[in-house]
*Asks:* 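The structure's right below; bear with me while I get my questions together.
The chains referred to below are lettered A, B, ... by the order of the sequence lines, with proteins before strands, and numbering in each begins at 1. Quick caveat, the model's predicted, so the values are computed rather than measured.
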2 protein chains.
Amino acid sequence: MARLPEYLRALHNLAETGNETVSSEGLANAAGVNSAKLRKDLSHLGSYGTRGVGYDVALLIEQIEYVLGLTQRRAVALVGVGNLGHALAGYDGFASRGFRIAALLDADPARVGEEIHGMVVRHVDELPQVAAEESIAIGVIATPASAAQRVADQLVAVGVTSILNFAPCVLSVPDGVDVRKVDLAIELQILSFHEHRKASLTGLPRTGGSALTALPGGLAVTEGQEAIGT
Amino acid sequence: MARLPEYLRALHNLAETGNETVSSEGLANAAGVNSAKLRKDLSHLGSYGTRGVGYDVALLIEQIEYVLGLTQRRAVALVGVGNLGHALAGYDGFASRGFRIAALLDADPARVGEEIHGMVVRHVDELPQVAAEESIAIGVIATPASAAQRVADQLVAVGVTSILNFAPCVLSVPDGVDVRKVDLAIELQILSFHEHRKASLTGLPRTGGSALTALPGGLAVTEGQEAIGT
DNA sequence: CGCGATTTGTGCACGTCTTCACAAGCGCCT
DNA sequence: AGGCGCTTGTGAAGACGTGCACAAATCGCG
Ligand SMILES: NC(=O)c1ccc[n+]([C@@H]2O[C@H](COP(=O)([O-])OP(=O)(O)OC[C@H]3O[C@@H](n4cnc5c(N)ncnc54)[C@H](O)[C@@H]3O)[C@@H](O)[C@H]2O)c1
Ligand SMILES: NC(=O)c1ccc[n+]([C@@H]2O[C@H](COP(=O)([O-])OP(=O)(O)OC[C@H]3O[C@@H](n4cnc5c(N)ncnc54)[C@H](O)[C@@H]3O)[C@@H](O)[C@H]2O)c1
């Protein structure tokens, strides 16, 4: 499930504060989900809880990390060392979560050779060599949208089967290749939508709203963390 | 729906390439979704298509932008002008998608006063004044996780009801406040999970796998763009 | 004017996810 | 040893999202 990483982070926090065990309710709170949901999720990866006690934090971390494939530190290739790429290259959250930036790549000759956080930027056409040197598990695309598809093709060509795409466009990849997208503008627009909806509700409490704003049941925006109680 | 922004982007692309109308299938392809799903989505905001012809691109853009509340350019306050904050501040995708960075805020005195892309960084404690100057619609948190909850509280205190959180932690906010989270590590871990699963399947084709890797029906990871055909 | 090609809008069925509620199990205390 | 409180694991029901398949509607053309 997509919630496993969330649980993992919460578990690490708990481990740091000295907790040995945690109840489903406690962990659910820390991860911001329903406790029944959490129990069902965990039950899917086997039974690692003790009734009356809870889950062993260390054991659970181990199990989740195994399921997520974090037992091996995966190599990440970052393509596009611009505005965003610089920030990503300097992000320590990679290393602390089981990943390692193995290469920085860019197409701009002016950028190639530049050293960022101890890593030298190489040209994107060197991708085959980079992949030969060490197995790239994940490719991160931080180029403009116009170049994203081409970069994706290059990544796929050297055997990368997982891509994280920051460019605002859809990528076409062969079967067996996973693509996940992070699009800032989409997130903002979803928030804007909610703002608009909230404004319509408070502003015109009785008109019923147009068919556009007051949709039947409200437009469901999936995956939202949405208004966790105080 | 959360897919509306995706449609909107595809529509803008189509408009730029001179298309007047688009069929549900065409737009679905451009947005990477099923055509039936797209039609159902669009039908929820009223009927703006013409049978036998398709949808009027310009009209549809207008309608979606209205639903998303993009008719007014919303002001965004960015809190935490560090590594990531700098990249965000320089991102032109804000402006081109209906948003405007109205303020840059940070707690570090060394950062306050710094000028980034024509905007001067102000202290986070000036948030009330900033909010008074102009109505902040959305707050973006790009601070370390340890400060995120505090910043969220400050944002809520000045009336912000939509928050985009880049810090890897769950935020507690009152009812009526929407929070969306972008967590890079989670995205990578989901990809890692798929990598692990793929490796298990090809490596041990017949063992059936442990209960951990070969879950019944496979673990569903929602929202994935996942392997769109060539 | 009528007909066929095309495309939308939607009823329906199916699978998935979510949540409640509770029995079964475990540990602790007496 | 037994009882009691707490917590897990799960069955069942409901809500929800998805996709198929088709009727209704529109346009262009003869
Ligand atoms: N800056 C942000 O905060 C931000 C936020 C969200 C999404 N994005 C998206 O991330 C992408 C990058 O944004 P940015 O602000 O860093 O842009 P940028 O222009 O600063 O950087 C893009 C980099 O990609 C390189 N590049 C171009 N074509 C390439 C190719 N074919 N192969 C390899 N490298 C290539 C360029 O040389 C440049 O260094 C854009 O698609 C943008 O929409 C940016
Ligand atoms: N850098 C990345 O690529 C990246 C990617 C994903 C997520 N993140 C997350 O984004 C957040 C920021 O990352 P970063 O690399 O920019 O870190 P950073 O340390 O470079 O920047 C953090 C900034 O927040 C400021 N800050 C600290 N406390 C504050 C407060 N109470 N109020 C206002 N400002 C405050 C600091 O002064 C600093 O300027 C972190 O939570 C990180 O996990 C970063």
*Asks:* Which atom names give the shortest non-hydrogen contact between B/Leu184 and A/Phe166, and what distance separates them?
*Replies:*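 Looking at all heavy atoms of both residues, the closest pair is CD1-CZ, 3.6 Å.
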*Asks:* Kindly say if A/Arg3 contacts the phosphate of C/dT18, meaning a side-chain N or O under 4.0 Å from OP1 or OP2.
*Replies:*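 For C/dT18, OP1 or OP2 has a side-chain N or O of A/Arg3 closer than 4.0 Å.
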*Asks:* Nearest whole Å is fine: how far is D/dT7 P from A/Leu27 CG?
*Replies:*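 Value for this atom pair: 14 Å.
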*Asks:* Measure the CZ-CD distance between B/Arg9 and A/Gln189 for me, rounded to the nearest 0.5 Å.
*Replies:*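 The CD atom of A/Gln189 is 9.5 Å from CZ of B/Arg9, to the nearest 0.5 Å.
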*Asks:* Please confirm whether any donor atom in the side chain of A/Lys40 sits under 3.5 Å from an acceptor in the base of D/dG9, or the reverse.
*Replies:*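 Between D/dG9 and A/Lys40, which were checked side chain against base, a qualifying N/O pair under 3.5 Å is absent.
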*Asks:* Whole angstrom is fine here: how far is it from CG in A/Asp41 over to C1' in C/dT19?
*Replies:*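 Whole-Å distance recorded here is 13 Å.
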*Asks:* Between A/Glu195 (side chain) and B/Gly69 (backbone), is there a donor-acceptor pair under 3.5 Å?
*Replies:*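 Not confirmed, A/Glu195 side chain does not pair with B/Gly69 backbone.
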*Asks:* Using modelled atom types only, decide if a donor and an acceptor are shared between the side chain of B/Lys181 and the backbone of B/Val170 within a distance under 3.5 Å.
*Replies:*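 Not confirmed, B/Lys181 side chain does not pair with B/Val170 backbone.
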*Asks:* For the residue pair B/Pro5 and A/Ile186, what are the closest heavy atoms and their distance?
*Replies:*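 Smallest heavy-atom distance, with atoms named: CB-CG1, 3.7 Å.
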*Asks:* Is any side-chain N or O of B/Arg51 under 3.5 Å from a base N or O of C/dT7, one able to act as donor and the other as acceptor?
*Replies:*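 Counting by modelled atom types and ignoring angles, no donor-acceptor contact under 3.5 Å is found here.
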*Asks:* Does B/Ser24 place a side-chain N or O at less than 4.0 Å from the phosphate oxygens OP1/OP2 of C/dT8?
*Replies:*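 Answer yes for this pair, as a side-chain N or O of B/Ser24 is under 4.0 Å from OP1 or OP2.
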*Asks:* C/dT8 P sits how many Å from B/Leu60 CG, rounded?
*Replies:*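 Rounding to the nearest Å, CG of B/Leu60 and P of C/dT8 are 11 Å apart.
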*Asks:* Rounded to whole angstrom units, what separation is found between the OH atom of B/Tyr48 and the P atom of C/dT10?
*Replies:*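 The distance from OH of B/Tyr48 to P of C/dT10 comes to 13 Å, rounded to the nearest Å.
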*Asks:* Which is more 5' along DNA chain D, the nucleotide nearest B/Asn34 or the one nearest A/Leu42? Just name the residue.
*Replies:*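 Closer to the 5' end of DNA chain D: A/Leu42.
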*Asks:* Could you tell me how far apart A/Arg39 (CZ) and C/dG25 (C1') are, to the nearest whole angstrom?
*Replies:*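 That distance rounds to 14 Å.
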*Asks:* According to a strict under-4.0 Å criterion, is A/Tyr55 in side-chain N/O contact with OP1 or OP2 of D/dG9?
*Replies:*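 It does, given that an N or O in the side chain of A/Tyr55 lies less than 4.0 Å from OP1 or OP2 of D/dG9.
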*Asks:* Could you tell me the separation between the CE atom of A/Met1 and the P atom of C/dT16, rounded to a whole number of Å?
*Replies:*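 Spelled out: CE on A/Met1 to P on C/dT16 is 11 Å.
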*Asks:* Specify the separation, in whole Å, of atom NZ of B/Lys37 and atom C1' of C/dG15.
*Replies:*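 Value for this atom pair: 14 Å.
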*Asks:* Counting the atoms with a prime plus P, OP1 and OP2 as sugar-phosphate, which does A/Ser47 contact under 4.0 Å by heavy atoms, base, sugar-phosphate, or nothing?
*Replies:*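 If one applies the 4.0 Å heavy-atom cut-off, A/Ser47 turns out to touch the sugar-phosphate alone, with no base involved.
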*Asks:* Measure CD/A/Glu25 against C1'/D/dG9 and give the value in whole Å, please.
*Replies:*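 Taking atom C1' of D/dG9 as the reference, CD of A/Glu25 is at 15 Å.
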*Asks:* How do B/Gly54 and A/Thr50 order along DNA chain C: which one's closest nucleotide is nearer the 5' end?
*Replies:*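 Taking each residue's closest nucleotide, the earlier one in sequence belongs to B/Gly54.
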